[in-house]
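Being a predicted model, the structure only gives us computed values, none of them experimental.
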Amino acid sequence: MTIDTMSPTTPAGLAVVRSRVRHLQQEAAGAVLRRVAGPDPAAARHAIHATPGPRWFHPDSPIGRVHGDASMFVGGIRALLLQSLHPRAMAAVAAHSGYRGDPWGRLQRTATFLATTTFGPADDAATIVAVVRAVHARISGTTPEGEPYEASDPHLLRWVHVAEVDSFLLAHQRFGARPLTSAECDEYVAQAAVVGRALGAEDVPTTLAELHRALGGYRPELRSSAAAREAADFLLRTPPLPAPVLPVYGLLAAGGVALMPAWSRSELGLRHRPRVDALLGRTGGRVATSAIRWALASAEPVRLDTIDVVPPPPGVIDRPPARPPVAVAR
């Protein structure tokens, strides 16, 4: 009788299986990264990180740690689901963003905005903010219920901002490589407020306690809509992805859903399943972010030897862009 040492039931066979699974996960993670960052993530990151000039933030500060971590993929899915529960904000997205026709293009533009304002030169950050404000100024309409909306409305901008900041931070604290301390959480919220104010949001929170109060203040305005349920279905059940990528994306999405407030799930037609969340959401989210983190490491950008940090000067967003604007929508 001979024993097949490569059988999955032997230690050597199990090691081979684990290696193959890890390889498949990494390949899928790389494919997800290319969908978000473009066909050459290394070149895109290098262009932002290696361009000389002062920055709004230091890359090692809390906002750099949060926005540079793979947990952003989970936080981004959670943010989109949460944001969709404001009927006026969702109506603007459904009517003007083209997320169904070009979902990955929109996601790449959003990723470019976050990367540029967090890690890019101050002039580029000011330029991309000015472009987004110009896009927002042209967006207005009426919800199916007859409520008027404008994308430049400071109240709606504040909602989008606090939903993003809460989602990114929550995902980082759960799945990030280096979770923040309490003081660093406050600093992250304050740093993110710089970008929120530059985009036109008003009364943005600057501490974690203020962030939680701001979110609670929007609760009476949040409710389900047909557009919100369609967006959730698109994100969670019918994402436009090739089959090999779906397992990693599914784990990221499960992580995002696991972080959603319980009340919000019924609004979006999502069941609250604590045991499933613990298994798929927490464990699966951790596995998927680890794979994405590996893919990000393979595209690690060259960093400048010294980085000067300067605050955005008052009125910078009112100046003409310093260079031809990049087409960006959020």
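- Put simply, the side chain of Ser84 does not reach to within 4.5 Å of the side chain of Val93, judged on heavy atoms.
- Looking only at side-chain heavy atoms (C-beta outward), Phe57 and Pro62 stay at 4.5 Å or farther from each other.
- Taking 4.5 Å as the limit, every side-chain heavy atom of Trp56 sits out of range of all side-chain heavy atoms of Thr118.
- Of the possible polar contacts, one joining the Thr289 side chain to the Gly285 backbone as a donor-acceptor pair under 3.5 Å is found.
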Do Phe73 and Tyr249 pass the side-chain contact (heavy atoms from CB on, under 4.5 Å) test, and can you show the C-alpha distance, the side-chain angles, and the key distance before you say yes or no? CA-CA 9 Å; Phe73 285 75; Tyr249 178 84; over 6 Å; no

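- Separating the NE2 atom in His161 from the CG atom in Asp203 is a distance of 10.5 Å, to the nearest 0.5 Å.
- No chain of hydrophobic side-chain contacts below 4.5 Å, direct or via other Ile, Leu, Val, Met, Phe, Trp or Tyr residues, connects Val309 to Leu114.
- Following chains of ILVMFWY side-chain contacts shorter than 4.5 Å, one cannot reach Leu157 starting from Val160, and the two form parts of different hydrophobic clusters.
- We find that Glu147 and Arg223 are joined by a salt bridge, their nearest charged nitrogen and carboxylate oxygen being less than 4.0 Å apart.
- Between Arg65 and Glu184 there is a salt bridge, with a side-chain nitrogen of the basic residue lying less than 4.0 Å from a carboxylate oxygen of the acidic one.
- Judged by distance alone, the side chain of Glu164 and the main-chain N or O of Ala79 form no donor-acceptor pair under 3.5 Å.
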Is there a side-chain hydrogen bond (donor to acceptor under 3.5 Å, both in side chains) between Ser152 and His136? Walk through the geometry before answering. CA-CA 5 Å; Ser152 59; His136 287 171; over 6 Å; no

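- Considering only heavy atoms from C-beta on, Cys185 comes within 4.5 Å of Leu169 through its side chain.
- Linking ILVMFWY side-chain heavy atoms closer than 4.5 Å, directly or via other members, places Trp263 and Val257 in a single hydrophobic cluster.
- Closest approach of Pro247 and Ala243 over heavy atoms only: CD-O, 3.4 Å.
- The side-chain heavy atoms of Leu81 and Ser264, taken from C-beta on, include no pair separated by under 4.5 Å.
- Atoms CG and OG1, from Leu199 and Thr117 in turn, are 8.0 Å apart once rounded to the nearest 0.5 Å.
- Arg178 contributes atom CZ, which lies 6.5 Å from atom CG of Asp60 (distance to the nearest 0.5 angstrom).
- Between Tyr149 and His86, the distance from one ring center to the other does not fall under 6.0 angstrom.
- Of the N and O atoms on the side chains of Ser61 and Glu187, not one donor lies less than 3.5 Å from an acceptor on the other residue.
- A salt bridge links Arg78 with Asp166; the closest basic N to acidic carboxylate O contact falls under 4.0 Å.
- Under the 30°/60° scheme for interplanar angles, the aromatic rings of Tyr218 and Trp159 are found to be tilted.
- Minimum heavy-atom separation, Thr143 to Pro87: CG2-O, 4.1 Å.
- Residues Asp69 and Phe175 are not in side-chain contact: their nearest non-hydrogen atoms beyond the backbone lie 4.5 Å or more apart.
- In terms of modelled atom types and a separation under 3.5 Å, the side chain of Arg286 and the main chain of Gly176 share no donor-acceptor contact.
- The minimum heavy-atom distance linking Leu236 with Ala253 is given by the pair CD2-CB, 3.8 Å.
- When every heavy atom of Arg55 is checked against every heavy atom of Ile48, the shortest pair comes out as NH2-O, 2.9 Å.
- A distance of 10.0 Å separates CD in Gln83 from CE in Met90, rounded to the nearest 0.5 Å.
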Run the side-chain hydrogen bond (donor to acceptor under 3.5 Å, both in side chains) check on Ser71 and Arg174 step by step: do they pass? CA-CA 8 Å; Ser71 58; Arg174 180 69 58 83; over 6 Å; no

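- Considering every non-hydrogen atom in both Pro205 and Leu211, the closest pair reads CB-N, 3.4 Å.
- Counting only distance, with no hydrogens or angles, the side chain of Gln191 and the backbone of Ile63 share a donor-acceptor pair below 3.5 Å.
- Of all non-hydrogen atoms in Ala198 and Arg133, the two that sit nearest each other are O-NH1, 3.0 Å.
- Counted by atom type alone, Glu150 and His155 present zero donor-acceptor pairs between their side chains at under 3.5 Å.
- Residues Asp124 and Pro121 are in side-chain contact: their nearest non-hydrogen atoms beyond the backbone lie under 4.5 Å apart.
- Atom CZ of residue Arg109 and atom OG1 of residue Thr116 lie 13.5 Å apart, to the nearest 0.5 angstrom.
- Side chains of Glu210 and Thr206: a donor on one and an acceptor on the other come within 3.5 Å.
- Hydrophobic cluster membership differs between Val195 and Val204, with clusters built from Ile, Leu, Val, Met, Phe, Trp and Tyr side chains linked at under 4.5 angstrom.
- Distance CZ/Phe119 to OG1/Thr51: 14.0 Å, rounded to 0.5 Å.
- The shortest side-chain heavy-atom distance between Leu268 and Met260 falls under the 4.5 Å cut-off.
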Under the salt bridge (Lys or Arg N to Asp or Glu O under 4.0 Å) criterion, do Arg158 and Asp153 qualify, and how do the steps go? CA-CA 9 Å; Arg158 182 173 180 260; Asp153 178 355; over 6 Å; no

